[in-house]
**Q** 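First the structure, which I've put down as structure tokens, then a few questions once you've had a look.
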2 protein chains.
Amino acid sequence: MRELCLPFSLEPHDIRQLDELVATRQRLKKGDILYRAGDSFASLHAVRQGSTMTTVLAEDGREQVCGYHLPGDLFGLDGIDNGRHKGQSIALEDSEICAVPLERLEELARHVPALQRNLHRFLSREIDRDHNIMLLLGSMRAEERLAAFLLNLANRYRQRGYSSTEFVLRMTREEIGSFLGLKLETVSRLFSRFQQEGLIQAQGRAVKLLDVTALKQLAGHRC
Amino acid sequence: MRELCLPFSLEPHDIRQLDELVATRQRLKKGDILYRAGDSFASLHAVRQGSTMTTVLAEDGREQVCGYHLPGDLFGLDGIDNGRHKGQSIALEDSEICAVPLERLEELARHVPALQRNLHRFLSREIDRDHNIMLLLGSMRAEERLAAFLLNLANRYRQRGYSSTEFVLRMTREEIGSFLGLKLETVSRLFSRFQQEGLIQAQGRAVKLLDVTALKQLAGHRC
DNA sequence: CGCGCCGTTGATATTATTCAAGACCAGTGG
DNA sequence: CCACTGGTCTTGAATAATATCAACGGCGCG
């Protein structure tokens with residue numbers, strides 16, 4: 001959990017207590033579902049290894065990808081409200097996920113103000129993140145969305161000490177499309193076009209960013 | 001504050017303490033800005049009378065409406081993260097807004113588990129709400145979005161004891177368009193079409209829902 | 001009373017989707 | 001080892017949805 005936001009600036013003693021909370025450490029295979037809509041909610045989840053994707057489903061079956069989570073990310077907060085998950089979470093590759101029981105986390109937060117604050121910070125960041133995605137979905141064109149998506153990934157890989165210009169996507173074109181509010185063919189065409197224009201080099205899911213400046217310009221400096 | 005979610009199931013004594021927190025009660029005129037992006041953040045806000053709209057801005061000036069807040073709604077949680085608001089909030093009509101200092105709310109939440117839980121519930125609901133908007137923006141067509149928007153308002157007016165079928169919008173066509181990821185002309189055309197088809201009756205911002213069933217069908221039962 | 005914002009509507013342009021065909025690729029079983 | 005298969009990805013052509021540009025009417029506010 002050290003890499004997560006929750007322990008930030010906590011006393012060593014409190015960090016130890018927080019570590020003890022992390023009850024289960026679950027291994028998932030690619031495609032495994034961690035929870036479904038309607039499942040009872042009890043814990044936040046943290047990616048330790050691998051990656052996951054969270055989605056919401058409409059009644060008519062349409063699906064919207066809401067999040068793409070890399071190691072160190074915390075997710076699965078929908079459901080605090082009524083104790084039932086609203087969306088679902090699926091492993092994009094073989095992954096290891098930690099569960100943090102909310103009730104015990106709240107208990108600890110009551111005694112450790114810094115932890116309480118970090119938890120709120122985290123929830124607030126999640127809301128900010130969603131607002132940015134709403135901006136993306138509501139007012140950006142297809143090419144701008146993909147550019148923003150790639151730059152967002154670049155930043156997150158950099159933060160984690162990986163190459164920010166060369167990485168392997170774990171989502172299919174269709175999943176990326178769902179995340180960005182586009183159809184898979186549109187995503188595929190954009191990858192081809194970006195490549196033609198020398199912005200990226202891509203073969204399948206392996207991507208290399210060649211012209212980050214141009215991508216930033218496309219994305220409106222939003223990343 | 002009684003109508004808000006925070007006091008739900010709290011002891012009278014704790015509710016009194018919560019009431020005392022509500023420090024300022026601010027009057028805003030139509031168009032007044034409550035806070036701007038970058039302003040320092042210290043309080044959550046609650047609508048007591050009137051209505052407000054929260055937006056996020058892109059560097060290039062594009063604006064996305066993220067929320068439309070009616071009396072009883074709590075908003076303005078962006079900014080817990082780093083103490084600065086990420087978006088801005090503007091009054092859509094003459095309004096009265098309460099401020100709830102976060103620090104004191106957190107202090108109280110540490111001693112009142114039910115309040116702590118309600119606060120988390122609220123943050124979680126906000127995230128769910130955003131995910132639903134992402135679903136709307138990412139996978140629904142223009143007419144479906146407007147139908148969902150109108151039904152969402154209908155529900156919220158019903159909850160507040162007002163007519164759920166007849167209300168006055170406080171947003172311009174352009175603001176509705178920004179909220180729904182559409183251009184103002186598209187919104188205007190949809191209002192006209194819905195009227196022609198007998199789904200609604202509208203003149204300007206005064207709206208009457210005539211065929212809620214059909215609207216629900218359009219929105220994919222999402223409301 | 002007039003000015004400016006707001007809303008409507010039409011014609012046209014642009015963007016993204018849909019439908020369709022085929023290539024590629026990894027994993028499986030013969 | 002190879003052929004097969006299902007899922008994924010790419011690409012083209014046609015189509016549909018929405019945006020853009022433009023003009024005008026109306027209402028409300030000063």
Side-chain angles (χ1 to χ4, degrees), chain A residues 29-31 53 60-65 90 92-94 136-150 168-197 200-207 218 220, chain B residues 29-32 53 60-65 90-94 136-150 168-197 200-207 218 220:
Chain A
K29 292 203 104 33
K30 178 175 175 175
M53 161 179 98
D60 57 10
R62 273 183 289 196
E63 190 175 26
Q64 172 74 29
V65 174
I90 188 169
L92 290 168
E93 57 191 307
D94 294 0
L136 177 143
L137 292 172
S139 71
M140 288 168 68
R141 296 165 352 99
E143 55 179 16
E144 301 172 318
R145 296 185 200 182
L146 186 62
F149 173 72
L150 292 172
V168 176
L169 302 167
R170 297 300 175 178
M171 296 165 116
T172 65
R173 299 290 187 257
E174 185 169 21
E175 287 158 348
I176 295 170
S178 167
F179 194 36
L180 301 179
L182 303 169
K183 293 295 163 188
L184 71 95
E185 295 95 328
T186 305
V187 175
S188 179
R189 280 184 237 277
L190 285 169
F191 270 104
S192 302
R193 220 181 77 205
F194 281 9
Q195 179 144 11
Q196 276 190 335
E197 291 168 350
I200 66 172
Q201 186 182 314
Q203 50 180 0
R205 304 191 189 175
V207 180
L218 254 185
Chain B
K29 293 204 108 26
K30 179 176 173 174
D32 281 355
M53 161 178 97
D60 57 11
R62 272 182 290 196
E63 191 175 26
Q64 171 74 29
V65 175
I90 188 167
L92 290 168
E93 57 191 308
D94 293 0
L136 178 143
L137 292 172
S139 70
M140 287 168 68
R141 293 161 358 94
E143 55 178 14
E144 301 173 317
R145 296 184 201 183
L146 186 62
F149 173 72
L150 292 172
V168 176
L169 301 168
R170 297 300 175 178
M171 295 165 116
T172 65
R173 298 290 188 255
E174 185 169 21
E175 287 159 349
I176 295 170
S178 168
F179 193 37
L180 301 179
L182 303 169
K183 293 295 160 187
L184 70 97
E185 295 95 330
T186 305
V187 175
S188 179
R189 280 183 237 276
L190 285 169
F191 270 103
S192 303
R193 221 181 76 203
F194 280 9
Q195 179 144 10
Q196 275 190 336
E197 291 168 350
I200 66 173
Q201 186 182 314
Q203 50 180 1
R205 303 192 192 176
V207 180
L218 254 186

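Predicted model only: the values in this text are computed from it and were never measured. Atom set for the values below is all heavy atoms of this structure, side chains included, hydrogens, waters and symmetry mates excluded. So you know, we letter chains A, B, ... as the sequences are listed, proteins then strands, and number each from 1.
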**Q** Taking any heavy-atom pair under 4.0 Å as a contact, classify B:Arg205: base, sugar-phosphate, or nothing.
**A** sugar-phosphate
**Q** Are B:Leu184 and B:Thr172 side-chain neighbours, meaning at least one heavy-atom pair lies under 4.5 Å?
**A** no
**Q** Along nucleotides 23-29 of chain C, 5' to 3', which nucleotides get a B, which get an S, and which get a -, given that the test is a protein heavy-atom distance under 4.0 Å?
**A** -------
**Q** Does the side chain of A:Glu144 come within less than 4.5 Å of B:Arg62's, by heavy atoms?
**A** yes
**Q** What is the distance, rounded to the nearest whole Å, between atom CG of A:Leu184 and atom P of D:dG7?
**A** 14 Å
**Q** Counting only heavy atoms not in B:Gln195, do more than 12 fall under 6.0 Å of its CD?
**A** yes
**Q** In Å, rounded to the nearest 0.5 Å, how long is the span from CG of A:Leu180 to CE of A:Met171?
**A** 8.0 Å
**Q** Rounded to whole Å, please give me the gap between CD in A:Gln196 and P in D:dT10.
**A** 12 Å
**Q** Just wondering, do A:Arg145 and A:Leu190 contact through their side chains at under 4.5 Å, heavy atoms?
**A** no
**Q** Can you measure A:Gln203 atom CD to D:dT10 atom P for me and round it to whole angstrom units?
**A** 11 Å
**Q** Whole angstroms only, please: what is the CE-C1' distance between B:Met171 and C:dG7?
**A** 16 Å
**Q** Within a 6.0 Å radius of atom CD on A:Glu63, are there more than 12 heavy atoms belonging to other residues, nucleotides or ligands?
**A** yes
**Q** In this structure, how many angstroms lie between the P atom of D:dT11 and the CZ atom of A:Phe191, rounded?
**A** 13 Å
**Q** Which nucleotides of nucleotides 17-30 of chain D have their base under 4.0 Å from a protein heavy atom (B), which only their sugar-phosphate (S), and which neither (-), written as one string 5' to 3'?
**A** SSSBB---------
**Q** When you measure from the side chain of B:Ser139 to the backbone N and O of A:Gln64, does any donor-acceptor pair fall under 3.5 Å?
**A** no
**Q** Exactly one of A:Arg205, A:Lys29, A:Arg170 should register a salt bridge (Lys or Arg N to Asp or Glu O under 4.0 Å) with A:Glu93. Which one does?
**A** A:Arg170
**Q** Without decimals, in angstroms, what is the distance between A:Arg173 CZ and C:dT17 C1'?
**A** 18 Å
**Q** Please work out if A:Ser188 contacts a base, only the sugar-phosphate, or nothing of the nucleic acid, heavy-atom cut-off 4.0 Å.
**A** base
**Q** Using whole Å, report how far CG of A:Leu146 lies from P of C:dT15.
**A** 16 Å
**Q** Is the shortest side-chain heavy-atom distance between A:Phe191 and A:Val207 below 4.5 Å?
**A** yes
**Q** May I have the distance from A:Arg62 (atom CZ) to C:dT17 (atom P), rounded to whole angstrom?
**A** 13 Å
